[in-house]
**Student:** 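I'd like to ask you about the structure that follows.
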Amino acid sequence: MSRYDPSVIEPRWQKAWDEAGAFTARHDPSKPKYYVLEMFPYPSGRIHMGHVRNYTMGDVVARFMAAKGHSVLHPMGWDAFGMPAENAAMERGGHPKDWTYANIADMKAQMKPLGLSIDWSREFATCDPDYYGQQQAMFLDMLEKGLVYRKAAVVNWDPVDMTVLANEQVIDGKGWRSGAAVERRELVQWFFKISDYSEELLTALDGLKDWPEKVRLMQANWIGRSRGMQFGFETAGAPQGFDKLEVYTTRPDTLMGASFAAISPDHPLAKELEKDPAVAAFIAECRKGGTSAEEIETAEKIGYDTGIKVKHPLDPAWELPVWIANFILMDYGTGAIFGCPAHDQRDFDFATKYGLPIRPVFVAEGAEDAVLDAAFVPMKSEKVRYIRGFAGVETQTGDEGVAAAIAHAEAQGYGRGVTKFRLRDWGLSRQRYWGCPIPVVHCAKCGVVPEKKENLPVRLPDDVSFDKPGNPLDRHPTWRDVPCPACGAPARRETDTMDTFVDSSWYYARFTSPRAATPTDKAEVEYWMNVDQYIGGIEHAILHLLYSRFFARAMHATGHLPQKAIEPFNALFTQGMVTHEIYKTTDERGRPVYHLPEDVTSFTLGDRRVVVLGDVPPPDPELIADVDAWLQELADAGSLVEVIPSAKMSKSKKNVVDPMNIIAQFGADTARWFVMSDSPPERDVEWTASGAEAAYKHLSRVWGLCSRIGEMPADHTGTGDDELARATARAIDEITKGIEGFAFNKAIASLYAFTNTLARANASTPAMKEAMRTLAKLMSPMVPHIAESIWSYQGGAGLCAQAPWPKADPALLVDDSVTLPIQINGKRRGEIVVPKDMAAPEVEKRALANEDVIKFLAGQPVKKIIVVPGRIVNVVV
RNA sequence: GCGGGUGUGGCGGAAUGGUAGACGCGACAGACUCAAACUCUGUUUCCGCAAGGAGUGUCGGUUCGAGUCCGACCACCCGCACCA
């Protein structure tokens, strides 16, 4: 067997798999199916280590499940619509379509050498007219079902570029290109009625047993069901038609602590009052800045006293002022609240700023009324003593207080208990070109008219330019002009396109029949759905996954998915990022300059790590008399590099490692092995050059071992056959459990251990060959190419990729005796070896007879002995 | 600001409430070599010559026993609805 040369074996095996059609997904009713899916990539043009990690994980699962006898579906596609393509067109000219398809070709060419077990015959891009045409068909079905509607909503408006900005294009409240102060502006837009499913999406989370607890919790908090009370304040001095002000509160028990009422700047009453220039000026102030919750909630709280009063529902003589406040959101509740500064921090800050009264309603159990220097906000499950209560007993929990207050309001008739959700409807309109066109037409006579299905797809026009900001569809000379599908009169196409989250909300279903003439094919979704294992980043914990869950329900409602697929992902795994150190210097004007890992050299000097620019040989420490002076010299020359601790690989920080370079240097198996070893898959993994080399060295060692075993004389005998068989069984057991439990790093640790055992084993030639074949199969999900070479060299039948997973003989997994540590007062002081099933009293006797124990006890009386069978003995003195 | 998560040797990490540091990297020592690299063997949590002691972000609690459970705090990461 020759030297380990991945550049030779990897293409050879990839060809062999292709020719055998090893990864073609087959609809085979005689086998259990398994659908493994990694979140599909945005075609940026370059794959990065995060992709390698994500797809290797999926590949390990896919290859493992195939070996376990499943018919596996492991597809790949492209999340191809979105802003970067338009930005590229603006910056470099060209067309988003050309840019995107070129990127897809480039990225696919980079993914192929990884040797992933993907069924490429099912590939599609969301920007393929065939895909988005089916999406448009579903949009029309959903429109018909009442799951889509139009309403006004706020967007980020750049007043200089006259265009809508995405949140990420708003930097410090300013437009990223124009630098102009961004405003919030209302626009009529399309919405999916996800709120129809709030309750359902929340309660169904309980059934997602194989989803991470944290994701379910995040979704539950996002949906945000709350039980509260809604009531109408009677107003005094309000404009006509506003004699009631509806407010919603989750703390009606604090009603006697009310200090003011506040409405959102977007509230109808605020809009009515905007006729007053002073109010208009204040509301304009509130509209400054972007639409993101982060920006709104971290903005300074400001308010405007309208002069209007409301009457307290429990005491009509008690009047509260009505303020307009920038931190009240129109989207939540009724867009109006009553403020109770004593028990809400935001209200407290507001009241302090504007000199409004702060009246405590309850105090901690056993405490006296005291002046507050911050809002007192205990958990609702905690008991408190009400000093200004009006319902329920004096001392009760917050929850009981709320329930009593609602009951009181309902009995007296001034309010009612209601359940509200934080979840808002999903705004899908985007004022951009590179997205799925919304297939409707606006007719002066008929209003909004759906496009006819036979006219789908509504294709994006190719003749567009990006020399001006804004949506080219909006200024296209002809594309917009169409006859009304209903009356035939001249009408206008909708120029908004869909949010790219729509594209990614159903691609998993399309993979089951990617060329079907309808969005899905009944028999195929029936066989392949659901996705058995979904793998992707935690950054998608809420939006993408929640939208997909909604979309699957909407697809069921419109006949595109069976009932069983309304939760499309049976199991979810969220993997961590690939990180790398950042290398930084500063230019003469003090601005940071970042450097690629390959452009710096790192060495150690004493206990110090020094990184310098360029590919230079490490200095001889003996030649440096004064290290500090020498470093200062380097720093003055500008070649001393500052090392910033690991962060997510990003182009702007240049802390990126190109997988193509790693594959060229070490091969795909090394890259795959590295990203699966060491770090647990859910955690971030730091890419290090030494780690990659170590992975390569190990694979070379395994290759050498295989070679050595291959050269053993056929009649060689040894004394270690039994021991090797036990080690093999243990390895099978551990690695199987590791892969099943997504503990790939532990599976790899077991592979290292088994390799070491095999290298040291003194067993017969047939036993060694057998163990080597098993090792190859056990390694094959992670490093399929080298495994295939070893498999064929050791006489394995057929392709390793199509061989069944080995089974561990249970009889070989049990040990007869066990080593028990002995603790004295919880500290380990000795150990004894006893038969596995020895009775506790006998274990006690042996433990106390142990030399170390006798020495440590030094005659002290023993108070108690705890024997945990098979685990530990603890002697308490 | 709000919601969620993470924190263990020089480094990545392992550990059903039961021997903290498996496995790997790095470092050190030895073998091989004219020499270096490669490879192989061994050592490697810290303090201490040793006996022994300390130790899982910090402080406190529950337990015979806590990295693991509970409470408070600190640091970092992810998300916040138009980035994908």
Side-chain angles (χ1 to χ4, degrees), chain A residues 39-42 44 79 81-84 153 155-156 164-170 189 194 212-215 217-222 224 290-299 301 327 331 345-346 349 422-432 499-501 503-504 537-544 546-547 574 576-577 579 604 607 609 645 647-648 677-680 682-686 688 690-691 693-695 697-698 700-701 704 743 745-746 748-753 756 819-831 863-866 868 870-876:
Chain A
M39 290 180 186
F40 67 164
Y42 180 79
S44 63
D79 190 13
F81 274 135
M83 293 200 302
V155 294
N156 299 303
V164 175
L165 298 179
N167 281 341
E168 72 157 10
Q169 296 173 317
V170 179
Q189 307 190 67
I194 190 172
E213 184 60 42
K214 61 178 170 185
V215 174
L217 194 59
M218 279 191 258
Q219 292 215 352
N221 288 338
W222 184 261
T291 58
S292 74
E294 189 184 358
E295 197 170 330
I296 290 165
E297 286 180 38
T298 52
K301 292 172 188 62
F327 61 94
D331 292 316
Q345 192 57 44
R346 282 189 306 190
D349 296 341
R422 207 186 71 102
L423 180 66
R424 310 200 296 254
D425 276 334
W426 171 10
L428 68 116
S429 297
R430 297 292 179 269
Q431 295 70 41
R432 272 187 274 279
D499 178 7
T500 56
F501 273 124
D503 312 335
S504 56
I538 184 69
E539 65 273 22
H540 296 291
I542 297 174
L543 294 179
H544 162 61
L546 189 61
Y547 289 157
T574 55
M577 299 177 300
T579 64
T604 47
D607 54 1
R609 178 150 172 255
K648 180 177 184 169
S677 59
D678 292 350
S679 283
E682 67 276 16
R683 254 199 266 171
D684 293 351
V685 63
E686 183 180 348
T688 59
S690 60
E693 274 166 40
K697 279 184 199 170
H698 176 72
S700 301
R701 246 190 319 265
N745 56 322
K746 285 190 257 173
I748 287 201
S750 299
L751 283 169
Y752 271 110
N756 291 339
T819 304
L820 289 185
I822 303 167
Q823 297 182 331
I824 294 173
N825 287 343
K827 288 257 176 221
R828 183 181 177 278
R829 297 301 183 188
E831 61 182 39
K863 279 193 199 148
K864 193 171 165 188
I865 301 185
I866 292 136
V868 183
R871 299 302 284 188
I872 205 165
V873 180
N874 192 11
V875 182
V876 186

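Quick caveat: nothing in here was measured; it's all calculated off a predicted structure. Chain letters run A, B, ... following the sequence lines, proteins first, then strands; residues in each count from 1. These numbers come from the heavy atoms of this one structure, side chains and all, not from hydrogens, waters or symmetry mates.
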**Student:** At 4.0 Å (heavy atoms only), tell me whether A:S504 reaches a base, stays on the sugar-phosphate, or touches nothing.
**Tutor:** nothing
**Student:** For A:N221 and A:L543, find the nucleotide of RNA chain B closest to each by heavy atoms; which residue's nucleotide sits nearer the 5' end?
**Tutor:** A:N221
**Student:** Under 4.0 Å, heavy atoms only, any strand: does A:R829 hit a base, just the sugar-phosphate, or nothing?
**Tutor:** sugar-phosphate
**Student:** Categorize A:G691 for me: base, sugar-phosphate, or nothing, with a 4.0 angstrom heavy-atom threshold over every strand shown.
**Tutor:** nothing
**Student:** With a 4.0 Å cut-off on heavy atoms, is A:S677 in touch with a base, just the backbone sugar-phosphate, or nothing at all?
**Tutor:** nothing
**Student:** Could you check whether A:V876 gets within reach of a base, just the sugar-phosphate, or nothing at all, counting any heavy atom under 4.0 Å?
**Tutor:** sugar-phosphate
**Student:** Give a yes or no on whether a donor-acceptor pair under 3.5 Å exists between the nucleobase atoms of B:C80, that is its base, and the side chain of A:E295.
**Tutor:** no
**Student:** Which stems does RNA chain B form, counting runs of 3 or more consecutive Watson-Crick or G-U wobble pairs with both distances under 3.5 Å?
**Tutor:** B:1-7 with B:74-80, B:10-12 with B:23-25, B:26-31 with B:39-44, B:45-47 with B:52-54, B:57-61 with B:69-73
**Student:** Using a 4.0 Å heavy-atom cut-off, does A:Q189 contact any base of the nucleic acid, only the sugar-phosphate backbone, or nothing at all?
**Tutor:** base
**Student:** Which whole number of Å gives the distance between the C1' atom of B:A29 and that of B:C74?
**Tutor:** 41 Å
**Student:** Assuming nearest nucleotide by heavy-atom distance, tell me which of A:H540 and A:R422 is located more 5' along RNA chain B.
**Tutor:** A:R422
**Student:** At under 4.0 Å between heavy atoms, what does A:Q431 touch on the DNA or RNA strands: base, sugar-phosphate, or nothing?
**Tutor:** base
**Student:** Under the side chain to side chain contact (heavy atoms under 4.5 Å, CB included) rule, collect the residues that match up with A:S700, sequence neighbours excluded.
**Tutor:** A:Y4, A:Y696
**Student:** So do the side chains of A:N156 and A:T291 get within less than 4.5 Å of each other, counting heavy atoms only?
**Tutor:** yes
**Student:** So, does the side chain of A:D678 form a donor-acceptor pair with the base of B:G12 at under 3.5 Å?
**Tutor:** yes
**Student:** Take the protein atom CD1 of A:I538 and the nucleotide atom P of B:C77, then report the distance between them rounded to whole Å.
**Tutor:** 16 Å
**Student:** Taking atom types as they are modelled, would you say the side chain of A:N167 forms a donor-acceptor pair with the base of B:C82 within the 3.5 Å cutoff?
**Tutor:** no
**Student:** How far, in whole Å, is B:G4 from B:G9 if one measures between their P atoms?
**Tutor:** 27 Å
**Student:** Find the distance A:E294:CD to B:C77:P and express it as a whole number of Å.
**Tutor:** 13 Å
